[in-house]
Amino acid sequence: MSRRARQLHALVRRGEAGIGLVEVLVGTALLALTLVAFLSALSTGSIGVRTTEERVVAENLARSQLEYAKSLPFLASPASYATVTPPAGYGVTSSASSIPAGDSAVQLITVTVSRGSDVLLTVEDFKVDR
Amino acid sequence: MSSARTGERGQVLPLALMAFAVGAIVVSPFLTNVSVNLLASRRAEEAIADYYSLDAGVEWGLWRLTNDPAITASTSYMEVPLQPTPPSVNGAAFPTTEIRFVAGTGDSDTISPAWQSGGGPKCYPFTSSSAGTVTAVITTPASTVRADLRTSCSGGGLPNLSGSSPYTVQFPGQAAGSYTLVVQTVPPDTGSLTITYPSGAPAYDIRSQRNGRTITARATASVGSVTLLSWTLD
């Protein structure tokens with residue numbers, strides 16, 4: 001190998017070494033970024049799934065409770081109607097109050113579904129003494 | 001030495017790009033799915049509020065019927081008989097709620113039993129197949145007329161009718177069943193009698209509308225109670 005060739009080879013090897021380091025750094029950064037984004041997406045998704053699950057449970061619980069309260073004998077306002085048994089961790093209340101424009105034969109039923117201290121859903125309906 | 005370096009080159013970058021690609025392929029649909037589910041559950045929540053608001057409108061109409069079984073004779077939907085309605089329910093304006101009379105319902109029968117002459121209370125039995133108002137029209141030249149609606153033929157304590165012949169007396173809020181109209185004229189005199197009683201409960205359609213959805217219910221009404229016949233959600 002001539003002197004000139006040896007010089008060129010050394011130059012290329014120096015260049016290769018530099019490109020490899022940058023590749024590693026960029027690759028590592030991309031990998032880290034991807035992992036962080038992936039985990040963040042999983043976390044967000046997990047929260048979303050839990051929220052959806054809570055909503056679905058709350059909606060069904062509120063619907064069940066309202067239908068149950070409407071099937072029970074009429075109680076004079078203010079009153080609380082018996083409740084269905086909620087799933088573990090959930091709570092449900094069913095209260096009856098008078099309606100200003102009505103009389104004692106019609107009442108507002110308010111069903112509230114909660115989980116812990118969080119109120120998930122409140123639904124209102126009327127009930128008539130008939 | 002040179003091939004080892006060549007091997008190092010591109011190991012991490014393709015791996016990172018692959019992870020990035022897999023993440024994009026897997027995570028995007030996952031997040032989209034979560035997002036769609038969240039939106040769907042929110043829409044379901046709104047639908048529940050709408051549904052029970054509409055039901056509240058129907059209940060309001062039923063309550064008005066329990067107070068006034070003859071709330072309207074119009075066969076076209078109208079809001080006026082049900083107003084004033086509550087201002088809101090489920091955090092939104094009260095649904096548009098209307099009512100109409102169902103043509104051909106709420107009939108009545110009229111009988112003209114033979115006049116019973118002679119002294120003392122006279123009994124005129126009949127059977128009403130529906131709840132409502134019983135009306136008697138008594139035509140007689142007698143100076144004093146007494147009459148009452150009873151469940152049996154008993155003549156004690158009959159109230160005097162005011163006015164003059166023909167005497168019209170109404171007995172509102174009677175349940176379906178067998179009755180006896182007891183009539184006494186003083187002094188005993190001639191006369192004629194017609195009795196009108198309900199033979200079919202009036203029926204009404206109650207329509208409640210909100211956010212493009214409608215509940216239509218049909219109910220029969222009598223004093224103090226209503227019976228729901230049908231219920232449709234559109």
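Numbered from 1 within each chain, the chains take letters A, B, ... in sequence-line order. Please read all numbers here as calculations on a predicted model, not as lab measurements.
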Looking at every heavy atom in both B:Ser41 and A:Glu59, which two are closest together, and how far apart are they?
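Looks like O-OE2, 2.6 Å.
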Here the pair of heavy atoms bringing A:Glu124 nearest to B:Gly91 is OE1-N, 4.4 Å
Chain A contacts, top residue of [options] (heavy-atom pairs, under 4.5 Å):
options	answer
B:Leu228, B:Val27, B:Val58	B:Val27
B:Asn37, B:Asn67, B:Asn90	B:Asn90
B:Tyr52, B:Phe30, B:Trp60	B:Tyr52
B:Val26, B:Leu31, B:Leu17	B:Leu31
B:Val22, B:Thr227, B:Leu62	B:Leu62

Tell me, side chain or backbone of [X] under 4.5 Å from chain A's heavy atoms, or both, or neither?
X	result
B:Asn33	neither
B:Leu65	neither
B:Arg42	both

Residues in residues 69-89 of chain B that sit under 4.5 Å from chain A, counting heavy atoms only:
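When heavy atoms of chain A are the reference, residues 69-89 of chain B contributes B:Pro84, B:Pro86, B:Val89 within the under-4.5 Å range.
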Can you sort out the partners of B:Thr135 under side chain to side chain contact (heavy atoms under 4.5 Å, CB included), two or more places apart, ordered by chain and number?
B:Thr133, B:Thr168, B:Gln170, B:Thr196
Partners meeting side-chain hydrogen bond (donor to acceptor under 3.5 Å, both in side chains) with B:Asp148 (sequence neighbours left out)
B:Arg150
Quickly, which of A:Ile47, A:Thr44, A:Val49 forms a side-chain contact (heavy atoms from CB on, under 4.5 Å) with B:Val34? Name it, please.
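It is A:Val49; the other options fail the test.
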From B:Glu59 CD over to A:Asp125 CG, what is the distance, rounded to the nearest 0.5 angstrom?
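The distance works out to 6.0 Å.
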Out of A:Leu30, A:Val106, A:Leu108, which one racks up the most heavy-atom pairs below 4.5 Å with chain B?
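Looking at each of A:Leu30, A:Val106, A:Leu108 in turn, A:Val106 comes out on top.
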Hey, which of A:Ala62, A:Ala58, A:Pro100, A:Gly48 has the most heavy atom pairs under 4.5 Å with chain B?
A:Gly48
Salt bridge (Lys or Arg N to Asp or Glu O under 4.0 Å) pairs, two or more places apart, involving residues 99-116 of chain A:
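Only A:Glu54-A:Arg115 qualify under salt bridge (Lys or Arg N to Asp or Glu O under 4.0 Å).
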With a 4.5 angstrom heavy-atom cut-off, could you sort out which part of [X] is near chain B: side chain, backbone, both or neither?
X	answer
A:Ile109	neither
A:Ile99	side chain
A:Thr122	backbone

Heavy-atom distance under 4.5 Å between the side chains of A:Arg55 and B:Leu38, does that happen here?
yes
Could you go through B:Ile48 and A:Arg63, starting from their C-alpha distance and side-chain angles, then the distance that decides it, and tell me whether this counts as side-chain contact (heavy atoms from CB on, under 4.5 Å)?
CA-CA 8 Å; B:Ile48 286 178; A:Arg63 194 183 284 267; 3.3 Å; yes
